[in-house]
Each structure stands twice: as structure tokens, then as C-alpha cells.
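Let me begin by presenting the structure, written as C-alpha cells, before commenting on it.
Computation of the quantities below employed the complete heavy-atom set of this structure, encompassing side-chain atoms and omitting hydrogens, waters and symmetry-equivalent molecules. In this text, all values refer to a predicted model and were calculated from it rather than measured experimentally.
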Amino acid sequence: MKSVVFSLLGTNLDYKGKGADRWNRWRPNIAICQQETMIVDRLELIFDNHSQKLADQATQDINAISPETDVVHHRLNFVNPWDFEGVFSGLMDFARSYEFNTQDEEYLIHITTGTHVAQICWYLLTEAHYFPAKLLQSSPSKERNDTIGNYQIIDLDLSKYDQIAARFQREHTEGAAFLKSGIHTNNTEFNNMIEQLEKVSLRSSEPILLTGATGAGKSQLAERIFELRKLRSKLKGELVTVNCATLAGENAMSTLFGHKKGSFTGATSDRAGLLKQANNGLLFLDEIGELGLDEQAMLLRAIEKKSFLPFGSDKEIESNFQLIAGTNKNLINASKNGEFREDLLARIDLWSYHLPSLKDRIEDLEPNIEFELEKFSQKSGSLVSFNKSAKSTYLTFSKSPQATWNANFRDLNASITRMATLADGARITEDIVQEEIIRLKHKWQPYKTTTQQGINLLDYIDQNRLAQLDLLDQLQLQSVIKVCQESDSMADAGRKLFNVSRTQKSSTNDSHRIRQLLSKYELNFRDLKQ
């Protein structure tokens, strides 16, 4: 393959006078064509309008010492060779217009000549593969009479460097472990998700959507993402967290976007708002599905434009924040029902990760028990542990069908905290475990589903949602599902379910009433018919 070198003409280093004395000095572009161990088939020499004579002299000298080298001239004018943007744009345009032939030619970027800005731009454009090349660095020799000097070729494909590749893998592994709070987890799906999330957290500042049941660990994971980005100098600002379920009406607008004094009753002073507070930091909006449609519209603009209008103000405020959103809702269904903006969902759904419940990754129960014990020990200043039989009993129950773990890791944290607090001599005994098992059974007993009319509610709503329903509501929902399945349409189901109340209304819209009833449980009629 032919060897092709791209190089800027060195207006200082390549210029050593016109007399014979110039051959006694090291000149980088002439020297690289004199190397015994490297043949330059073509030199793509780049210079501005003011350096034509020097380019001609350098070309003439190269032809004299290396007649096999074809020197091609390119005129490229930089308004200011120390202006990074201008130099980068000029070299990138040059790369885009150049016809590379990687099958027959190998390319080298000579980074010895030109300003430091130009050298940095060469590096960045090569690393980004605008130039499919390796870097070539030349230098003068320490020997007094040596005008050829030395050279070194640098390949930016880091995967070829074993130590560097190992270092990157170690950093990646440490980052993933950091996101898991150092817990050694065994669930393959969860581990794969965390590995990808580690890369996304460090390489992207786009929104991240965390989904999963209440207590699955969305808030803790958002905090770890923030801490990891802060640790790697990806963020300067702070972490701002808000649960959207606590926001309503004017309070939501004011809390998120701020307000001007006098914009509403009680607004006695200006308020900056949480989006402004999160400038150059991370904003975690938990339960984003509870946010009102007006707030959703303003949030979308703030994500895309990095600016927003405080309530009651006519002047925009800028805030460069990264968003992490959390939800236990099915936002796709909420969007179909008009409860969540489709455009906002599309914007925050670029990176979406579902956190499995504790029941779905029960193989990770034991390391999480050890993690909770360690947390308790750090707070209490006393190292607490199970005795052997007590731990075996607790693990057996925890993995049994009786253990529903409705609140996921919050249930586990509460359970370990109770047992550790009651442990005399810092040892959790069999008696303490048996007492805790009774407590957990009693806690979870009301949330067990019943199967009426052949309907198992766990086939339609998640376990966490079911745990929040009274038995009366469960029975009613099973009846509604049964009627819908046996009806030809929503109107037909409405006529059956509202057979009395519909006759007392001046106008009836049975379909609308069914749609509202099902949307309360994030269900739709079509899915029930499948």
C-alpha cells in the first residue's frame, strides 16, 4: 500500500534560508521524506497564499532527496491560525472534500508543524475518523550532524494498546459497580442494563427515563448517576430532586419554573424555581407522570431550548440542566389517554431503563441484605449480623411465594432495620427472624389477590398497584374486566355496568364512562378483549 502524509508547511521550521546551509539544518517536512525506514509515496502539503515560494523550495528539495515522493500542494487560508474554531472548520472541510482510498493507501497526519491549535485540531479530527489515519510525530536528533532526526507513528485506535484497553475496562467496571452502590448483583438483565447505563451516564447529557414499580430504586439510581457524573467532572452544578406527585396547580408552576413577585396571591417575592437551581447540574423529576399537561409543555421547551418563562414573567431564564425522569406509570398508555404529552415522552424516552422489582431479581436478595446491614452498621456504629440458622430461615421465607415484597427494596430496608435494631449483642437470632416473618405476613396479607370469575388481576395490573387497592376495589375491578370481555363494545359494556344511573342522565355517553373507569387503572378496552 502507498504511504500518504498530510502536513502543514512549517513557515519557521521548514524555512532555513535559500543557500546550501539549509541542508545542515533539520527541516521537518524534508526530514520525513529522508527516513530510511519509511517511504513517503505522496506528501499532501498544506499552506496559505503567502507561502507559495517556501512551498516551491521545499518541494524542490524533496524531489532532490526523495524523487519517489509526489508532493501535492493545497492552499488553505486561516484568518487566524490561533483561532480554534476557524482552524478546526478549515481542516474538517478539507477532510470532507478529500477522496480517501483506504484500500490502496495508508494515511499519516504529520503533527509537528503548524500552531499548537492546528496540532490539537489534527488530533481531534483523526480521533473522530474524519481523517482515517495515524499520527506522525517527527523531531530533531540530539546528534550534532544529524539533519534527518527521528519519527514516531501513533495509532489512536486504543483497543490495540493492551494496557490502555485494560485501564478503560477497569474504569468501566468500577463505574458500573458505583451505580450499583458496590452491591455484587447476579441478575443478568439488571447487570447488562447497569453496564449500558454507565456508558450513557458518562457519554451523554440527554434525558434518561427510569421506569419501574415504587421502591425499585429509581431515586437511588438517579443519585448515583449524578455522583458518577460529578466524580468524572461531567457536571458542575447540584442534584435537584422533586416528586411531581407533590405538585399541583400554581404550586407546580412556581416550584419548577419559579415566579415573579405578585404573579398570584401569596407571591410576595420572586422565586427562582428548581429548574434554575439545577443549572449546570442534574434535575430528577420523580413520578413525572403526575405532572400536569401545562407543566409538561413548559418542561419540553426547557429541555429543548434550555430556557423557560417563570410564572408571571415576560423574560426568559436560561438553565442548562440534565434531566432524569422516574415513573411507575405506563407513559405510553397515559399518552394514548391524553394524560401525558406524546412529544414530551418522545423527548425523554431517548434513554429508557426499566428497573425490575425485587421479586423479579430475587437472586440479588442476599447481597442486598448484606448491603442493608452494612448501611445500618454505619449509621448505628455497631456491626450487626445474622447467626447462621436465622439467616437461612429469613432467606427461605424471603424467596417463598408468601413474600410478595410489595414495596420492593423499601420493604427490605425496613425489615433489616427492624431486625438489626432489636438484635442484642449485634446478632440477629432465629426468634427475631420469626417475629419479623409474622410481621411481614400480616403486612402483606391484605394485598394478596383473589381470583374471582376467572380473573386474576395480576394479569392486568402490576403487583405494586394491586397492593394499593382495597379488597372491595379489587372485586369491583374484576367484575368490570369480566363485563368488558363479554361485551361487543365500550358502549355495550357501559349499558350493562351503568344500567340504572344511565337512565337518570339527560344525555349518556357510556363509552366515555367506561374509558374513564379503565384509565384509572391504566387499562384500555381493546387490551381486555385480546
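Ring geometry, W351 versus Y353: the interplanar angle falls under 30°, so the pair is classed parallel (tilted spans 30 to 60°).
Side-chain contact between V242 and F284: absent, with no pair of heavy atoms (C-beta onward) separated by less than 4.5 Å. Contact annotation: the side chain of I481 never approaches that of C484 to less than 4.5 Å [non-hydrogen atoms, C-beta and beyond]. Residues K443 and D411 form a side-chain contact, since some pair of their non-hydrogen atoms from C-beta on lies under 4.5 Å apart. Using a 4.5 Å heavy-atom threshold, the side chains of K218 and L221 count as separate. The shortest side-chain heavy-atom distance between L197 and I208 falls under the 4.5 Å cut-off. At least one side-chain heavy atom of L412 sits less than 4.5 Å from a side-chain heavy atom of W405. For the pair L518/N524, no side-chain contact is recorded, criterion being any heavy-atom separation below 4.5 Å from C-beta on. Two residues are said to be in side-chain contact when any heavy atoms from C-beta on lie closer than 4.5 Å; I225 and V200 fail this criterion.
For D286, there are no salt bridge (charged side-chain N to carboxylate O under 4.0 Å, His left out) partners two or more places apart in sequence or in a different chain. For the ring pair (Phe, Tyr, Trp, His ring centres under 6.0 Å) test, residues two or more places apart in sequence or in another chain that qualify with Y394 are F386. For the side-chain contact (heavy atoms from CB on, under 4.5 Å) test, no residue two or more places apart in sequence or in another chain qualifies with K379. With sequence neighbours excluded, no residue forms a salt bridge (charged side-chain N to carboxylate O under 4.0 Å, His left out) with K399. Listed by chain and residue number, D492 satisfy the salt bridge (charged side-chain N to carboxylate O under 4.0 Å, His left out) test with K496 (two or more places apart in sequence, or in another chain). Applying the side chain to side chain donor-acceptor pair (under 3.5 Å) test to N413 and every residue at least two apart in sequence or in another chain returns E372. Residues meeting the side-chain contact (heavy atoms from CB on, under 4.5 Å) test with A216, sequence neighbours left out: L355. In this view, F226 satisfies the ring pair (Phe, Tyr, Trp, His ring centres under 6.0 Å) rule with no residue, not counting sequence neighbours. Every residue meeting the side-chain contact (heavy atoms from CB on, under 4.5 Å) condition with S377, not counting sequence neighbours, appears here in chain and number order: L383, V384. Applying the side-chain contact (heavy atoms from CB on, under 4.5 Å) test to M298 and every residue at least two apart in sequence or in another chain returns M253, F257. Partners of E370 by salt bridge (charged side-chain N to carboxylate O under 4.0 Å, His left out), not counting sequence neighbours, listed by chain and number: K391.
The two atoms that bring S398 and A403 nearest to each other are O-CB, 3.4 Å, heavy atoms only. Nearest heavy-atom pair, I317 versus P310, reported as atom, atom and distance to 0.1 Å: CG1-CG, 3.5 Å. Here the closest heavy-atom approach between residue P356 and residue R361 is recorded as CG-CD, 3.6 Å. The two residues E363 and N186 come nearest to each other via the heavy atoms O-ND2, 3.3 Å. In plain terms, the two heavy atoms of N279 and N320 that are nearest each other are OD1-N, 2.7 Å. Scanning both residues, N368 and D364, for their nearest heavy atoms gives ND2-O, 2.7 Å.
Checking side-chain atoms of T115 against main-chain N and O of A118 turns up a donor-acceptor pair under 3.5 Å. A donor-acceptor pair is defined here as one N or O able to donate and one able to accept, closer than 3.5 Å; no such pair exists between the side chain of N408 and the backbone of R410.
If you look at Y98 and F131, their ring centroids are not closer than 6.0 Å. With ring centers used as reference points, Y460 lies 6.0 Å or more from Y521.
Stacking of K329 on the aromatic ring of F340 is not recorded, the 6.0 Å distance cut-off and the 45° axial limit not both being met. For the pair R301 and F308, the cation does not sit on the ring face, since its NZ or CZ is not both under 6.0 Å from the ring centre and inside 45° of the axis.
No more than 12 heavy atoms of other residues, nucleotides or ligands lie within 6.0 Å of CD in E318, so this atom counts as exposed by the packing criterion.
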Would you mind writing out the side-chain donor-acceptor pairs for residues 78-95 within the sub-3.5 Å range, not counting sequence neighbours?
residue: N80; atom: OD1; partner: W82; partner atom: N; Å: 3.0
residue: D83; atom: OD2; partner: G86; partner atom: N; Å: 2.8
residue: S89; atom: OG; partner: E85; partner atom: O; Å: 2.9

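Between E227 and K230 there is no salt bridge, since no side-chain N of the basic residue sits under 4.0 Å from a carboxylate O of the acidic one. With respect to E206 and R347, a salt bridge is recorded, a charged nitrogen being found less than 4.0 Å from a carboxylate O.
Looking at S201 and R224, their side chains never bring a donor and an acceptor atom within 3.5 Å of each other.
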